Amino acid sequence: MDAEKQQNDKLHRRGLMFILSSPSGAGKTTMSHKLLMADEEIKLSVSATTRPKRPGEVDGIDYHFVSDAEFDRMVEKDEFYEWANVFDYRYGTPKAYIRKGLKEGEDFLFDIDWQGTQQLYQQDQQDVVSVFILPPSLTELRRRLESRAQDSAQVIDGRMERARSEISHWAEYDYVVINDDVDECFVKVREILHAERMRRTRQTGLIPFVRELTA
Ligand SMILES: Nc1ncnc2c1ncn2[C@@H]1O[C@H](COP(=O)(O)OP(=O)(O)OP(=O)(O)O)[C@@H](O)[C@H]1O
Ligand SMILES: Nc1nc2c(ncn2[C@@H]2O[C@H](COP(=O)(O)O)[C@@H](O)[C@H]2O)c(=O)[nH]1
């Protein structure tokens, strides 16, 4: 067990909502997978979506793939923390699982767009940490979307058309990182998470700890 884990075990703290956003193809899914592999204390918030499954995606792991009717039902029953229309489909964060985990001090990773980020800020500002990932250039962004080879040319064109407007939201985020080299970008994302966990206001166990320390 490393020193940071020991510290976290000793001092209770509030869970945080760690958001990664970017224009499509800039690399937030790549960063999310690396973070989930490297950090056993953070869990993915699995969104519900009406978009069709891509090759290799697994229901319940990458998304909860739901019908339009099921999404309507979830909206009606107020089961989402936030939801938005993105690229002709609907995406939303189911509420129950996240609320319970946060109360217990768990951290959650969100791969959501700027609309969802704004909604989470409005509801729960103190627990949100947001990171915007920029591509090094739009040429490279298109190259990545094409090399991922999971979307049709028409879908890729649509995502490229929206890239500028997505990027225009960069200044609404707490942190901005450029994903040029995967490993360098990942180190930065991980450092942000580590530092945010140590924020005094999140470490609710500090007061009793210091009291005991100085008794
Ligand atoms: N720094 C990088 N250099 C080169 N390729 C990269 C880099 N980061 C990610 N990629 C590749 O670019 C493609 C798009 O990345 P990824 O799927 O992570 O993007 P995304 O932001 O999650 O997109 P979406 O919003 O469409 O899900 C993938 O094939 C990924 O392997
Ligand atoms: N507001 C939300 N946005 C979400 C959610 N889940 C994913 N997303 C965003 O949608 C686009 C497209 O994702 P893709 O998997 O189809 O490429 C991307 O920007 C995601 O971040 C959500 O629950 N709420």
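Just follow the structure's listing: the first ligand is 1, and inside any ligand the first atom is 1. One is the number of the first residue; the rest follow in order along the sequence. Given the structure is predicted, the values throughout are model-derived calculations rather than measurements.
The hydrophobic clustering, which links ILVMFWY residues whose side-chain heavy atoms are closer than 4.5 Å, places Phe65 and Val155 apart.
In terms of the salt bridge (charged side-chain N to carboxylate O under 4.0 Å, His left out) criterion, Asp62 has no residue partners (sequence neighbours excluded). Glu106 meets the side chain to side chain contact (heavy atoms under 4.5 Å, CB included) test with Lys43, Glu104, Phe108; sequence neighbours excluded.
A salt bridge links Arg73 to Glu70: at least one charged side-chain nitrogen sits closer than 4.0 Å to a carboxylate oxygen. Between Glu57 and Lys53 there is no salt bridge, since no side-chain N of the basic residue sits under 4.0 Å from a carboxylate O of the acidic one. Classification of Asp107 and Arg197 as a salt-bridged pair holds, one side-chain N sitting under 4.0 Å from a carboxylate O. A salt bridge between Glu191 and Lys188 is absent, with no side-chain N of the basic residue lying under 4.0 Å from a carboxylate O of the acidic one. In summary, Asp78 and Lys95 engage in a salt bridge, as defined by a charged side-chain N under 4.0 Å from a carboxylate O. Remark: Asp72 does not engage Lys77 in a salt bridge, criterion side-chain N to carboxylate O under 4.0 Å.
Within 4.0 Å of ligand 2, contacts by protein heavy atoms are made from Lys28, Ser47, Arg51, Arg54, Tyr63, Glu82, Ala84, Val86, Phe87, Tyr91, Gly92, Thr93, Asp111, Ile112, Asp113, Gly116, Arg159. Ligand 1 is surrounded by Ser22, Pro23, Ser24, Gly25, Ala26, Gly27, Lys28, Thr29, Thr30, Arg54, Glu140, Arg143, Arg144, Arg148, Arg159, Asn179, Asp180, Asp181, Val182, each with at least one heavy atom closer than 4.0 Å.
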